[in-house]
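Accompanying notes for the structure given below.
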Number of protein chains: 2
Amino acid sequence: MKHLINNVKIAVNEKTYVKDPESSDLGKRIVQHGIALISEVGFENFTFRKLGTRIGSNESSVYRYFENKHKFLIYLTSWYWGWKEYQLVLHTNSIQDPALKLERALKVITEPVEKDSSFSYIDEAALYQILINEYSKSFLTKEVDRENKEGYFEIYKRMVGRLRDMIWTLKPNYPYPASLASSVLEGAMHQYFLMEHFPSLTDCRDNESLYVFFRHLVFTSLNVQIDD
Amino acid sequence: MKHLINNVKIAVNEKTYVKDPESSDLGKRIVQHGIALISEVGFENFTFRKLGTRIGSNESSVYRYFENKHKFLIYLTSWYWGWKEYQLVLHTNSIQDPALKLERALKVITEPVEKDSSFSYIDEAALYQILINEYSKSFLTKEVDRENKEGYFEIYKRMVGRLRDMIWTLKPNYPYPASLASSVLEGAMHQYFLMEHFPSLTDCRDNESLYVFFRHLVFTSLNVQIDD
DNA sequence: TAACAAATGATAGTAATGCTATTATATTTG
DNA sequence: CAAATATAATAGCATTACTATCATTTGTTA
């Protein structure tokens, strides 16, 4: 994917890091190899010690950028949603027709991630795998309410809000725009997971059928006709 | 909820435990207080040591029943789905009309859990809280494929299968019965979580509106009229 | 270029976790 | 009553999730 604007920085809540990883070479290496390591071994088996060793440094250096691995996960997932939000806006902003706009949004949400060269040290495809496998662990904790108050989930909430507003614009009298929006965003990740590990629990076989499933779900719910 | 049959035992895959907790008083106490402890402190902060202390015993005794806390979680969630499946069958089996049957199934799936006196030592409401907050952690692991092969998720898959078949019976030409079924089961838990922690991401305010949302979602997708 | 600060790296230490192993004490059963 | 079984108590070990300290490198600026 080629960017129109080249100097975009994804803004992530400053509380998620001790020192901005984008501010130094080491910081970027932590993020880059952190993504690779988590997608390889999974979040449970991921440790700052392993990451330090991997980047030819050590634990204490990683701790200078992130308080703990939970905050690191929140940083990564926030970055992802910021990036995805940017894409959503980029691809839907100029569309006037509400139905086309929503359709395009669903396409962006369900399409697989291509490598985005604008953020050279981030492998968005690997990051998406992390989202699918680990995202819910970032909020399914006993600290969720406090962290929510501190703004850790703002970007995701904004993303759901954008989709909700598109639904609302198309059908102002539909009573569940927020529930539908959050169901689609969470559901898309879940269906991807099922495709990979529990194919008997889904009819989707690739991102195209995933898109068609959600498009059908959303547009029939809103009682809007679409062309197949 | 009153049972028609009084001597029902929820069958859980034997590989999830070392020794059947239902076979002894200690085993039942482990399950009973395990549910209470996990719902209090969350799965991350739950340890066998804490559980042992709580039941006036110790770690090693708990290990004689369950290999580790991950298997314990799988045991609990399997038990829950077995119990829920039993309720689903109980409440839908005698219904002939496919639309009414599916509607009733959605009611069972979205309704809050009442205490079921047939399994006196299990607090189903607390267990449901565990499902909402911890269920996805049972399969979002690097071991999911091996564990799936070993049958740890059979009951949940059967549950999704039942819902899928009801959808299929009602609308044989609908192309996504499995995806819709898995979306509803997972989505119901997710929307419950949002109601509690992220009310701005959902329009549901109680189990009734949750039910209405999913009923509308499913029946419009299947192009079947329902009365409100 | 000396001198100082900032960033990074290396090492050590601590409490908690996730176990395993051993032994002692109840409890049940034949 | 003896033997078998279940439970309890204790100890130990590797790993994790940190914190603290000190050494070294790198970068800045007077």
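Lettering of chains follows the sequences in order, A, B, ..., and the numbering in each one begins at 1.
- Side-chain atoms of L26(A) lie closest to dT8(C) of the nucleotides dG13(C), dG18(C), dT8(C).
- Look at CD on E44(B): it is 18 Å from P on dA16(C), rounded to the nearest Å.
- Following rounding to the nearest Å, D25(A) (CG) and dT8(C) (P) show an atom-to-atom distance of 9 Å.
- The six-membered or imidazole ring of F139(B) lies away from that of Y152(B), with a centre-to-centre distance of 6.0 Å or more.
- Side chain of D203(A) to main chain of S179(B): a donor-acceptor pair is present (N/O by atom type, distance under 3.5 Å, no hydrogens or angles).
- The shortest distance between the side-chain N/O atoms of Y65(A) and the OP1/OP2 oxygens of dA7(C) is not below 4.0 Å.
- Phosphate contact (OP1/OP2 of dG9(C), side-chain N/O of S57(A), threshold under 4.0 Å): present.
- Going from atom CZ of F72(A) over to atom P of dC18(D) covers 14 Å, rounded to whole Å.
- Under 3.5 Å, the side chain of N68(A) and the base of dA17(D) form no donor-acceptor pair of N or O atoms.
- At dA21(C), none of the side-chain N or O atoms of Y63(B) fall inside 4.0 Å of OP1 or OP2 (strictly under the cut-off).
- Phosphate contact (OP1/OP2 of dT7(D), side-chain N/O of K19(B), threshold under 4.0 Å): present.
- As judged by a 4.0 angstrom heavy-atom cut-off over every strand, F66(A) is placed among residues making no nucleic acid contact.
- Taking atom CD of residue E59(B) and atom P of nucleotide dT17(C), one finds them 10 Å apart after rounding to whole Å.
- The distance between atom CZ of R29(B) and atom P of dA6(D), rounded to the nearest whole Å, is 18 Å.
- Between F193(A) and F198(A), the ring-plane angle classifies as tilted under the 30° and 60° cut-offs.
- If you take NZ of K71(A) and P of dA17(D), they are 15 Å apart, rounded to a whole angstrom.
- Comparing R64(A) and S60(B) against DNA chain D, the residue whose closest nucleotide sits nearer the 5' end is S60(B).
- Among dT17(C), dT7(D), dA9(D), the nucleotide with an atom closest to any side-chain atom of N58(B) is dA9(D).
- Atom pair F46(A):CZ and dT16(D):P shows a separation of 12 Å (rounding to whole Å applied).
- Remark: side-chain polar atoms of Y65(B) are not paired, donor with acceptor, to backbone N or O of K28(B) under 3.5 angstrom.
- For K50(A), no side-chain nitrogen or oxygen approaches OP1 or OP2 of dT15(D) to under 4.0 Å.
- Using modelled atom types, one side-chain atom of K137(B) and one backbone atom of L140(A) make a donor-acceptor pair closer than 3.5 Å.
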